[in-house]
Amino acid sequence: VQLQASGGGLVQAGGSLRLSCAASGGTFGMYALGWFRQAPGKEREFVAAISWSRQTYAADSVKGRFTISRDNAKNTLYLQMNGLKPEDTAVYYCAAKLGAASSSGSNYQSWGQGTQVTVSS
């Protein structure tokens, strides 16, 4: 499956953004999907994941602020980000894998190109 992330941008602290990840070339509903992010000088980190059955998982740092969802009819993954903080600034990547959802990026087979999110204080 091929993934294309979009929706990033510049937002003030406390603001909101919704990221989208459009998929093509695979049976979207079969995949577990995840969002990861990487800030400059830091390692990639898990943000949130959603299973094929729509069970969701989120990193402690974003729980209560970020919501992951999927629309199988549109072959699209979303990440609604509210209450953004400067420390959320990073390039955000979507990823897909067969089987169970995972918080480990090494388990994902397909990756989107990334979209930049910048939160100003």
Side-chain angles (χ1 to χ4, degrees):
V1 64
Q2 290 77 49
L3 304 173
Q4 177 96 20
S6 63
L10 173 63
V11 64
Q12 289 188 334
S16 298
L17 281 175
R18 187 175 80 157
L19 305 184
S20 298
C21 177
S24 61
T27 305
F28 185 74
M30 294 176 58
Y31 288 89
L33 304 164
W35 287 100
F36 294 79
R37 65 187 182 186
Q38 188 166 21
K42 295 187 177 181
E43 292 188 354
R44 181 180 62 197
E45 65 174 354
F46 169 74
V47 175
I50 185 167
S51 72
W52 63 269
S53 62
R54 302 180 189 274
Q55 188 168 3
T56 62
Y57 310 84
D60 288 343
S61 60
V62 305
K63 279 181 181 176
R65 300 188 298 124
F66 291 10
T67 302
I68 188 171
S69 63
R70 64 190 297 164
D71 185 335
N72 289 347
K74 296 182 177 180
N75 287 358
T76 303
L77 171 71
Y78 301 101
L79 184 68
Q80 178 66 45
M81 305 187 294
N82 299 327
L84 282 161
K85 303 175 181 180
E87 51 263 43
D88 294 319
T89 295
V91 177
Y92 284 70
Y93 298 91
C94 54
K97 68 179 297 292
L98 293 171
S102 173
S103 61
S104 175
S106 61
N107 290 333
Y108 287 78
Q109 293 93 33
S110 300
W111 290 83
Q113 85 289 3
T115 185
Q116 176 71 47
V117 172
T118 303
V119 185
S120 63
S121 57

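Every heavy atom of this structure was used, including side-chain atoms; hydrogens, water molecules and symmetry mates were not.
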Quiz item: Are W111 and M30 joined in one hydrophobic group, where the rule is that I, L, V, M, F, W and Y side chains link up if heavy atoms are under 4.5 Å apart?
Solution: no
Quiz item: Which distance, rounded to the nearest 0.5 Å, do you find between the NZ of K97 and the OH of Y31?
Solution: 11.0 Å
May I have the list of side-chain donor-acceptor pairs in residues 5-27 shorter than 3.5 Å, sequence neighbours left out?
{"residue": "S16", "atom": "OG", "partner": "N82", "partner atom": "OD1", "Å": "2.9"}

Quiz prompt | Any pair counted as salt bridge (charged side-chain N to carboxylate O under 4.0 Å, His left out), so long as it reaches residues 82-96, sequence neighbours left out | solution = R37-D88, R65-D88
Quiz item: Between A96 and L3, what is the shortest heavy-atom contact and its length?
Solution: N-CD1, 3.7 Å
Quiz item: Got a sec, which pairs hit salt bridge (charged side-chain N to carboxylate O under 4.0 Å, His left out) with one end in residues 49-63, sequence neighbours left out?
Solution: D60-K63
Practice problem: Give me the ring orientation class for Y92 and F66: parallel if the planes are under 30° apart, tilted from 30 to 60°, perpendicular past 60°. | Solution: tilted
Quiz prompt | Under 3.5 Å: donor-acceptor pair, side chain of W35, backbone of Y78 | solution = yes
Quiz item: Taking the side chain from T89 and the backbone from V119, do they hold a donor-acceptor pair closer than 3.5 Å?
Solution: yes
Quiz item: If you group Ile, Leu, Val, Met, Phe, Trp and Tyr by side-chain heavy-atom gaps below 4.5 Å, do L79 and I50 land in one group?
Solution: yes
Quiz item: So if you build clusters from Ile, Leu, Val, Met, Phe, Trp, Tyr with side-chain heavy-atom gaps below 4.5 Å, do L33 and L98 land together?
Solution: yes
Self-check item: Side chain R70, main chain A32, donor-acceptor under 3.5 Å
Solution: no
Exercise. Output yes when a side-chain donor or acceptor of Y108 lies under 3.5 Å from a complementary backbone atom of S102, and no otherwise.
Key: yes
Quiz item: Does one hydrophobic cluster hold both M81 and Y93, with members joined at side-chain heavy-atom distances below 4.5 Å?
Solution: no
Quiz prompt | Smallest separation among heavy atoms of L77 and F28, with atom names | solution = N-CZ, 3.9 Å
Quiz item: Hey, does the side chain of S103 reach the backbone of F46 with a donor-acceptor pair shorter than 3.5 angstrom?
Solution: no
Self-check item: For K74 against T76, the heavy-atom pair lying closest together
Solution: O-OG1, 2.8 Å
